Amino acid sequence: MKIRKVTKAVFPVAGLGTRFLPATKSIPKEIMTLVDRPLIQYAIDEARAAGIKEFIFVTSRGKSALEDYFDQSPELETALRRAGKDQLLESLRETNMDSGAIAYVRQNRPLGLGHAVWCAKRLIGNEPFAVLLPDDVIAAEKPCLQQMVEAYERTGGNMVAAMEVPAEKTASYGVLDVAEDLGSIVQVKGMVEKPKAGEAPSNLAVIGRYILSPRVLSNLNKLKSGTGGEIQLTDAIAEEAKEPGRVFGFRFRGHRYDCGSKAGFLQATVAFGLARPDLHDEFAAYLTELMAMQKAAQ
Ligand code: UTP
């Protein structure tokens with residue numbers, strides 16, 4: 001079986017980000033920063049590590065800060081060079097995207113994640129592609145998408161990142177109906193979007209990393225609204241899962257932070273702050289002091 005390389009990635013960033021209002025009234029959620037890098041930068045770095053060469057953003061009104069973020073900034077670069085701030089200059093250059101490597105397509109109305117991916121169909125063409133949701137930030141020794149690309153090169157088909165969640169949490173995720181559990185990879189026979197606790201086919205929840213075949217785009221073409229009146233990506237993938245061996249779940253190695261929620265964003269901020277050698281000591285000492293003060297006040 002000849003498996004085509006995955007070189008294109010779609011970043012759906014056209015959602016309203018209502019859970020972070022009022023901040024998201026004027027700042028795209030993806031520009032919010034974990035320590036000193038916006039969420040989108042973590043997703044771009046992960047995609048680059050996985051061999052992605054073309055970056056497709058599905059945007060909407062009010063996201064111009066996101067587009068500007070990837071432009072070169074000659075004034076800043078000159079100022080940093082003059083000041084001899086080489087490390088900062090390097091970190092700034094890492095954010096630049098080559099001309100032509102990045103494309104933007106507009107989703108006029110937030111009709112759901114499936115619809116957002118569908119909007120990129122002309123830019124994807126007839127080849128496999130990755131989808132990364134930037135508000136899922138994954139801390140991992142080997143970046144999650146790279147792990148998936150390596151697994152996908154053995155399986156082909158469609159692959160979704162999956163993680164075990166407690167039964168009471170299934171209603172927040174797309175959940176896999178497992179045909180065969182092969183360890184890090186599971187064969188999938190169906191997918192259910194946001195099943196109630198007790199009605200989920202498994203406790204394996206899909207998170208925001210996918211490698212998809214162009215057939216999923218054709219399925220999206222046919223879909224009307226699914227759960228919650230939105231066009232669900234889950235439904236288009238579930239359609240593929242009806243045929244055995246076409247959809248795989250991948251248990252990635254790493255920790256996923258749901259930065260689309262306030263609690264998840266705060267957890268990620270603490271974890272990423274503590275993981276930074278330049279901040280660790282001061283930050284850890286502060287957290288220890290804070291915990292002690294809270295305990296004393298109880
Ligand atoms: P979310 O479910 O997190 O929705 O979307 P949201 O609008 O970003 O945030 P809340 O729930 O209102 O706080 C998951 C991903 O799908 C994208 C979002 O930008 C996010 O990356 N999305 C969602 C779209 O691009 N278009 C849509 O119509 C819906």
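Each ligand, and each atom within it, is numbered from 1 in the order the structure gives. What you are looking at is a predicted structure, and each value in this text was computed from that prediction instead of being measured.
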Atom pair [atom1]/[atom2] of [X] and [Y] - distance to nearest 0.5 Å:
{"X": "D136", "Y": "I207", "atom1": "CG", "atom2": "CD1", "answer": "5.0 Å"}
{"X": "F55", "Y": "F70", "atom1": "CZ", "atom2": "CZ", "answer": "9.0 Å"}
{"X": "T24", "Y": "M32", "atom1": "OG1", "atom2": "CE", "answer": "7.5 Å"}

Item to complete: State yes or no: do M293 and V270 share one hydrophobic cluster built from I, L, V, M, F, W and Y residues joined by side-chain heavy-atom distances below 4.5 Å, directly or via other members?
Response: yes
Worksheet item: For the hydrophobic clusters of this structure (ILVMFWY residues joined by side-chain heavy atoms under 4.5 Å, transitively), does one cluster hold both V13 and L16?
Response: no
Practice prompt. Verify the contact flag for atom 5 (O) of ligand 1, where contact means a protein heavy atom under 4.0 Å away.
Written response: no
At a non-hydrogen distance cut-off of under 4.0 Å, which region of [X] contacts ligand 1 (side chain, backbone, both, or neither)?
{"X": "A116", "value": "side chain"}
{"X": "T24", "value": "neither"}
{"X": "R109", "value": "neither"}

Fill in: Polar atom proximity, G260 to ligand 1 (N or O, under 3.5 Å)
no
For [atom], what's the nearest protein heavy atom and its distance?
{"atom": "atom 25 (O) of ligand 1", "value": "A14 N, 2.9 Å"}
{"atom": "atom 12 (O) of ligand 1", "value": "T18 OG1, 2.5 Å"}
{"atom": "atom 23 (C) of ligand 1", "value": "G15 CA, 3.9 Å"}
{"atom": "atom 17 (C) of ligand 1", "value": "P12 O, 3.6 Å"}
{"atom": "atom 7 (O) of ligand 1", "value": "L16 N, 2.7 Å"}

Numbering the atoms of ligand 1 from 1, which are under 4.0 Å from a heavy atom of [X]?
{"X": "P110", "result": "28 (O)"}
{"X": "L111", "result": "28 (O)"}
{"X": "G112", "result": "26 (N), 27 (C), 28 (O), 29 (C)"}
{"X": "L113", "result": "16 (O), 29 (C)"}
{"X": "R19", "result": "1 (P), 3 (O), 9 (O), 10 (P), 11 (O), 13 (O)"}
{"X": "K29", "result": "3 (O), 6 (P), 8 (O), 9 (O)"}

Worksheet item: Taking only residues at least two apart or on different chains, which pairs with a member in residues 271-286 satisfy side-chain hydrogen bond (donor to acceptor under 3.5 Å, both in side chains)?
Response: D36-R276, R276-D278
Fill in: N/O donor-acceptor pair under 3.5 Å between S202 side chain and L176 backbone
yes
Discussion item. Considering only residues two or more places apart or on different chains, which pairs with a residue in residues 97-114 satisfy salt bridge (charged side-chain N to carboxylate O under 4.0 Å, His left out)?
Written reply: none
Worksheet item: Out of curiosity, is Q107 lining ligand 1, as in a heavy atom under 4.0 Å away?
Response: yes
Discussion item. If we only consider heavy atoms of G17, is any one of them less than 4.0 Å away from an atom in ligand 1?
Written reply: yes
Item to complete: Determine whether more than 12 heavy atoms belonging to other residues, nucleotides or ligands lie under 6.0 Å from atom CD of E141.
Response: no
Worksheet item: Salt bridge between E180 and K189, side-chain N to carboxylate O under 4.0 Å?
Response: no
Fill in: Identified salt bridge (charged side-chain N to carboxylate O under 4.0 Å, His left out) partner of E127 from the options K8, K121, R215
K8
